[in-house]
There are 2 protein chains.
Amino acid sequence: MRPVSEFERIRAMLRIAADLDSPDEVVLGAGDDCALVRPASGESIVLSTDLSIEWVHFRRDWLSWEAIGYRATAAALSDLAAMAARPIGVLVSMALPRELKTPVFEQLTAGIVACLESSGAVLLGGDTSRSPAPVMIDITAVGAVEHAIRRTGARPEDELWVTGLLGSAASAVLALQSGLQPDPGARQKFEHPEPRWREAIWLAKRNALSAAIDLSDGLAGDAGHLSDASGVRVDIQVGSLPIDPSLDAWSETLAPLALAAGGGEDYELLFTSPPGIVSNLLADFRLTFGIELTRIGQISEGEGVSWRDQAGGPTDPPASAGYDHFT
Amino acid sequence: MRPVSEFERIRAMLRIAADLDSPDEVVLGAGDDCALVRPASGESIVLSTDLSIEWVHFRRDWLSWEAIGYRATAAALSDLAAMAARPIGVLVSMALPRELKTPVFEQLTAGIVACLESSGAVLLGGDTSRSPAPVMIDITAVGAVEHAIRRTGARPEDELWVTGLLGSAASAVLALQSGLQPDPGARQKFEHPEPRWREAIWLAKRNALSAAIDLSDGLAGDAGHLSDASGVRVDIQVGSLPIDPSLDAWSETLAPLALAAGGGEDYELLFTSPPGIVSNLLADFRLTFGIELTRIGQISEGEGVSWRDQAGGPTDPPASAGYDHFT
């Protein structure tokens with residue numbers, strides 16, 4: 001028999017999430033054996049899952065429980081952004097060790113619900129358990145899309161673009177690892193990353209996305225996934241990366257470029273676009289979303305990721321020393 | 001940066017699952033940022049999630065890794081059965097401690113895939129991570145249904161029925177806890193439970209389901225959930241429970257009835273039916289599925305779960321001593 005507290009926790013989760021407005025696609029929300037969703041005519045349901053594990057993906061002494069819940073949810077919704085899909089809701093599985101009592105569970109749930117609210121999504125279901133050791137959160141994101149953007153769509157001549165700034169999460173982690181206060185902007189982006197699904201849908205509507213991926217593993221790794229999936233070469237101009245300015249503080253000991261290229265979990269959108277489209281959208285995009293789009297490279301025939309200097313010649317990949325995904 | 005082995009593991013998972021036949025609803029399977037599913041006209045997508053954690057839900061010295069993967073998947077698909085939904089696929093998150101190498105991961109995946117294959121479902125996506133301690137598996141089940149059966153539909157005068165036998169998992173766990181070999185039939189049901197979605201759809205088509213729930217927490221607990229959701233009283237005849245015969249071996253030390261009523265994880269279907277329907281279906285059901293349907297009680301106005309003796313008088317609930325969900 002499961003302990004009574006499991007049902008109490010599920011009830012607490014449902015209570016905290018009860019005020020969220022349900023998207024039209026939700027036929028039946030959390031509380032029965034399953035949730036039911038039905039896409040609008042011509043749309044598909046979009047599904048992805050994302051694990052957050054204590055000591056691997058986060059540390060409880062670095063983040064509030066609210067921020068841990070928020071980040072885990074944002075990471076899951078970010079996968080929807082990579083397909084230019086609209087969030088509908090999430091299913092949440094949480095395992096907590098016995099020493100963490102109900103208030104911790106409620107703070108985690110409040111962070112999850114805050115992130116859902118900012119995306120107009122709801123809690124569709126979940127499971128809870130005690131954990132023998134670490135806190136574990138697994139979030140399945142559920143969205144809807146008419147025309148999904150895939151990793152496979154990059155073509156030679158396409159341009160390579162990125163939203164926002166790179167290296168913010170790496171900057172915050174470096175500070176925390178060193179016992180320092182992170183830069184306030186970097187901390188905000190680390191604690192409450194914004195999944196770029198609105199930006200992705202806006203760009204997709206303007207035919208500006210041929211392929212997309214969200215930056216969870218870091219630019220170097222995710223550009224490699226995009227290259228593999230599309231069967232193309234990705235050239236990145238190292239001089240053009242939009243590096244979070246808080247990384248300048250580390251320039252004496254570590255290369256900000258390496259941190260921006262190798263650090264993960266910024267949850268910005270890396271995308272390719274047919275030539276000449278995005279440059280006409282820059283001002284509108286900035287006005288609409290308050291962040292920049294930056295062209296950082298080019299797609300060509302071939303394979304793999306190549307790094308280019310300002311003259312266009314080959315250069316070494318930025319060393320990824322200094323940031324190792326919390327491990 | 002995530003360790004390289006994570007991507008290797010995801011590739012291994014995709015490779016092992018590659019031969020599964022895709023249901024029509026799957027627009028895009030695993031491998032991109034998200035999967036895409038589209039229900040047939042008039043149908044909804046059905047979603048549920050189920051955690052399996054080492055030392056809470058299973059022990060690695062009691063089950064093969066293949067059986068651990070199979071059971072975790074069957075438990076998730078069983079939630080679809082409770083709504084009379086057809087499985088489409090699953091998203092799988094797995095966290096393994098470092099000491100467990102690739103072959104263990106592959107055996108877990110093989111067990112997941114074997115269960116998917118027996119239900120005509122596919123792998124729709126997943127995530128992997130190392131775990132600081134226990135093995136953790138979270139499975140989100142994705143199905144489709146036209147008319148979902150809910151926990152809320154039980155009405156006074158309805159009959160209470162159950163599929164198959166109760167207490168098989170409890171019997172196997174008791175043996176393993178005592179250092180004995182489980183009864184072969186009980187072991188088979190413990191290692192490879194069969195989610196009853198075909199049975200549920202068959203019964204729903206014949207208007208034999210007014211409410212349903214799968215027996216994951218045990219008859220006593222799950223009957224309580226059904227009572228709460230429907231706002232009715234559930235009367236259970238203690239003398240009519242279809243107890244797994246392997247529990248007879250424990251009758252000198254423990255009451256088989258208490259084990260059948262309190263033991264969880266049999267994944268049989270507990271359902272209510274309008275009067276007089278199921279009794280006409282019994283022979284057909286047995287011929288079709290090779291298991292029995294047993295009437296174990298009655299729905300009335302009121303609330304809660306009441307236990308009844310053979311004369312219909314009130315009796316004490318079966319004590320649930322002896323089985324405590326592996327903890």
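Sequence lines set the chain letters: A, B, ... in the order given, protein chains first and strands last, and positions in each chain run from 1.
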Q: Using a strict 4.0 Å threshold on nitrogen-to-oxygen distance, state whether B/Glu265 and B/Arg71 make a salt bridge.
A: yes
Q) Checking A/Ile53 against chain B: side chain, backbone, both or neither under 4.5 Å from a heavy atom? A) side chain
Q. Checking heavy atoms, do the side chain of A/Leu28, its backbone, both or neither come under 4.5 Å from chain B?
A. side chain
Q. Is there a side chain to side chain contact (heavy atoms under 4.5 Å, CB included) between A/Leu108 and A/Leu96 once you walk through the steps?
A. CA-CA 11 Å; A/Leu108 279 166; A/Leu96 271 67; 4.0 Å; yes
(Q) For chain A, which candidate among B/Asp79, B/Val145, B/Val142 shows the most heavy-atom pairs at distances under 4.5 Å? (A) B/Asp79
Q. By a 4.5 Å heavy-atom criterion (distance strictly below it), what part of A/Ala212 contacts chain B: side chain, backbone, both, or neither?
A. backbone
Q. Are B/Thr163 and B/Glu199 close enough that a side-chain donor and a side-chain acceptor fall under 3.5 Å?
A. no
**Q.** Toward chain B, the part of A/Glu54 with a non-hydrogen atom under 4.5 Å
**A.** backbone
Q: Please report the C-alpha distance between A/Thr128 and A/Met13 in whole Å, then the side-chain angles of each, then the deciding distance to 0.1 Å, and finally whether the side chain to side chain contact (heavy atoms under 4.5 Å, CB included) criterion is met.
A: CA-CA 10 Å; A/Thr128 75; A/Met13 204 191 255; 4.2 Å; yes
Q: State plainly whether the residues A/Asp214 and A/Arg196 are in salt-bridge range, i.e. N to O under 4.0 Å.
A: no
**Q.** Any side-chain heavy-atom pair of A/Leu215 and A/Asp217 under 4.5 Å
**A.** no
Q: Using a strict 4.0 Å threshold on nitrogen-to-oxygen distance, state whether B/Arg86 and B/Glu25 make a salt bridge.
A: yes
Q) For A/Val37, is it the side chain, the backbone, both or neither that has a heavy atom under 4.5 Å from a heavy atom of chain B? A) both
**Q.** Which atoms of B/Ala229 approach chain A - backbone, side chain, both or neither, heavy atom under 4.5 Å
**A.** neither
Q: Between chain B and each of A/Gly143, A/Ala141, A/Pro134, count heavy-atom pairs under 4.5 Å; write down the option with the most.
A: A/Pro134
Q. Using non-hydrogen atoms only, which part of A/Ala82 is less than 4.5 Å away from chain B: side chain, backbone, both, or neither?
A. both
**Q.** Heavy-atom pair count under 4.5 Å with chain A, highest-scoring of B/Gly125, B/Ser129, B/Ala133
**A.** B/Ser129
